[in-house]
Amino acid sequence: MFRSLRRALCAATAALLLPLAGAQTARAADPGAGYWHTSGRQILDSADRPVRIAGINWFGFETGNHVVHGLWSRDYKSMIDQMKSLGYNTIRLPYSDDLFKGTVPDSIDFSGGKNADLQGLDSLQVMDRIVAYAGRDGLKVILDRHRPDSGGQSALWYTAAVPESTWIAGLKALAARYAGQDTVIGIDLHNEPHDPACWGCGDTAVDWRLAAQRAGNAVLSVNSRLLVFVEGVQTYNGVSGWWGGNLMGAGQYPVQLDVANRVVYSAHDYATSVAQQSWFSDPSFPANMPGVWDKYWGYLFKQNIAPVWVGEFGTTLQSSVDQKWLAALVSYLRPTGTYGADSISWTFWSWNPNSGDTGGILKDDWTTVDTVKDGYLASVKAPGFPSTGDGGGGGGGGTAACAAAYTVSSDWGGGFNADVKVTNTGTTALTSWKVTWTWSGSQRVTSMWNATYTQSGATVSAVNAAHNGAVPVGGSAGFGFGGAPGGGGTPTVTCTAA
């Protein structure tokens, strides 16, 4: 009902492979290390420390391009570096079962050395490269079986052309392919089941809960350490909501797998730019929204039944209703600064600007960040995870150093916006950083995201937020801010590392 509205997808994108053999295992001392499991409403790392998924959807593998979008404009590594610099710690990668047919990506730009290591690779091999590089950047990956084929979304997990056996075979193939690589923390079994899919009705042809048990057990038979992400349906007991967003039946009819503590329930939630819902016109909106979310999926978290991950939510942010909705939802997810990882996990839809009814974190040039949209998410971003690659900053003896680059993204005279990129130029991982500059005029910071600041006269000092202080060797982080008046130019910046 809603997915057909959603993705006015451009033509496009990339291919790749690296046989991800031997990805290094993160040190157990690092928060987020290893494979994860659940306990009550929390997701825990291999050392039983709570972790929060705070990520982004990067789509394309599920489309006719058979690869993530945007590689016609940029190198995939720069894209992942930028995600990390903005404080996202997880990538949700949608795919279709066409991935297993030897499909070849198109619309990849190889000029100027971009995407050089992707040439000649098929789609699955490109996914390997993205997973490997994400791990080196300290990002986790959730694989999302989005569609049976690139033709479009399906209500059920199977179609006449793609039977359940093909679906399960694909899930097992990915679980086996990435076994031993804890960058891939789990698989979202099927995107947005909807009518006639039911939950708990007992009819094996349409009962999504039973299908999720069959598929989840198949995945765990190959890799028992993965998380199994299970979305909701559309309608339960006559009450309808978003596709994949109705988990009202999960309390009474839980997904029960052969391996305990592996289920994470996933809800999707959208604003009016995707479709109207009755709650948007309620006179009490947006105060009514926590009650709506409680009913459909939030109760699972609040009653300590299971972790909840909002796998998709997004909006163009053009209407005031959508702005109020996003602010309310971010508050409902619980600020990391207040609750830490005892919070609802999430991956925003989407990184891509070419999602027709939501837009993305990136603007249409595939480089510029929509700082307003990204800014809404600042309070629910969370710390990144250990790098799995070389030079990720193992034991002592290295030199901590960083450099900063200051760029004015817009200046309208009365004010301006600027971005600062911090790069680890040392030989050991950073745990924190501070950037300082002095304006020659009367400029003042009016707002800042992904960092905190102090200003004394014309001198500003910006310190990393909790989620982006850790930067691997060669990696980068960043923050943005607004200031006034404009015309301040580009000051000299210094970076201090720790």
Side-chain angles (χ1 to χ4, degrees), residues 31-32 52-56 58 78-91 137-140 314 317 326-327 330-331 333-341 343 345-348 350-351 360-363 367-385 402-410 415-424 429-437 444-455 460-472 475-483 491 493-498:
R52 183 180 205 179
I53 297 165
I56 196 78
W58 188 11
S78 74
M79 207 91 81
I80 295 171
D81 286 345
Q82 189 178 23
M83 294 175 192
K84 177 181 174 61
S85 76
L86 291 171
Y88 299 104
N89 66 21
T90 303
I91 304 171
D137 255 8
L139 277 69
K140 295 290 190 177
L317 214 57
L326 184 55
V330 165
S331 176
L333 297 177
R334 298 168 54 120
T336 305
T338 304
Y339 297 97
S343 306
S345 289
W346 56 272
T347 45
F348 188 73
S350 62
W351 181 247
I361 291 298
L362 293 185
K363 295 187 177 181
T367 299
T368 306
V369 175
D370 185 332
T371 54
V372 174
K373 189 176 288 186
D374 181 63
Y376 271 84
L377 305 172
S379 67
V380 290
K381 291 178 181 177
F385 307 116
C402 60
Y406 179 115
T407 304
V408 177
S409 55
S410 59
F416 67 99
N417 287 323
D419 297 297
V420 178
K421 180 180 180 180
V422 175
T423 301
N424 182 345
L430 303 183
T431 57
S432 63
W433 45 262
K434 179 172 72 172
V435 176
T436 304
W437 67 89
R444 308 275 316 169
V445 175
T446 55
S447 63
M448 185 173 287
W449 45 94
N450 295 320
T452 58
Y453 75 96
T454 57
Q455 182 167 357
V460 179
S461 294
V463 177
N464 60 272
H467 64 259
N468 63 356
V471 184
S476 59
F479 63 95
F481 65 91
V493 293
T494 59
C495 186
T496 305

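For the numbers below, each heavy atom of this structure counts, side chains included, while hydrogens, waters and symmetry mates do not.
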Worksheet item: Are Asp374 and Lys381 within salt-bridge range, i.e. N to O under 4.0 Å?
Response: yes
Discussion item. Contact between Leu377 and Val330 at the side-chain level, heavy atoms closer than 4.5 Å - yes or no?
Written reply: yes
Discussion item. Quick one, Gln82 and Leu362 - any side-chain contact, counting heavy atoms below 4.5 Å?
Written reply: yes
Worksheet item: What is the minimum heavy-atom distance between Lys373 and Asp370, and which atoms define it?
Response: N-OD1, 3.0 Å
Discussion item. Minimum heavy-atom separation for Gly483 and Thr446, please, with both atom names.
Written reply: N-OG1, 3.5 Å
Item to complete: Can you see which heavy atom on Trp437 is nearest to which on Pro491, and at what distance?
Response: CD1-CG, 3.6 Å
Worksheet item: Under 3.5 Å, is there a donor-acceptor pair between the side chain of Asn468 and the main chain of Asn450?
Response: yes
Worksheet, complete the sentence: Value for CD (Gln455) from OG (Ser461), rounded to nearest 0.5 Å, stands at 9.5 Å
Worksheet item: Which value, rounded to the nearest 0.5 Å, describes the distance between Ile56 atom CD1 and Ser350 atom OG?
Response: 6.5 Å
Worksheet item: Going from CG on Asn417 to OG on Ser409, what distance comes out if it is rounded to the nearest 0.5 angstrom?
Response: 5.0 Å
Worksheet item: Under a 4.5 Å cut-off applied to non-hydrogen side-chain atoms, are Ile361 and Leu86 in contact?
Response: yes
Worksheet, complete the sentence: Smallest heavy-atom separation, Asn464 atom then Gly469 atom, equals ND2-CA, 3.3 Å
Worksheet item: Just wondering, do Ile80 and Ile91 contact through their side chains at under 4.5 Å, heavy atoms?
Response: yes
Worksheet item: Partners of Lys140 by side-chain hydrogen bond (donor to acceptor under 3.5 Å, both in side chains), sequence neighbours excluded?
Response: none
Item to complete: For residues Val471 and Cys402, determine if any side-chain heavy atom of one lies less than 4.5 Å from a side-chain heavy atom of the other.
Response: no
Item to complete: Give me the ring orientation class for Phe416 and Phe481: parallel if the planes are under 30° apart, tilted from 30 to 60°, perpendicular past 60°.
Response: perpendicular
Fill in: Plane angle bin for Trp433 and Phe479 - parallel if under 30°, tilted between 30 and 60°, otherwise perpendicular
parallel
Worksheet item: What are the two closest heavy atoms between Asn89 and Gly384, and how far apart are they?
Response: CB-CA, 3.9 Å
Worksheet, complete the sentence: Rounding to 0.5 Å, atoms CD1 (Ile53) and OH (Tyr88) come to a distance of 15.5 Å
Item to complete: Check whether any side-chain heavy atom of Leu333 lies under 4.5 Å from a side-chain heavy atom of Arg52, and answer yes or no.
Response: yes
Fill in: Minimal non-hydrogen separation, Ala451 against Ala462, with atom names
CB-CB, 4.4 Å
Discussion item. Taking NZ in Lys421 as the centre, count heavy atoms belonging to other residues, nucleotides or ligands within less than 6.0 Å. Is the count above 12?
Written reply: no
Worksheet item: Does some side-chain heavy atom of Val369 sit less than 4.5 Å from a side-chain heavy atom of Trp449?
Response: no
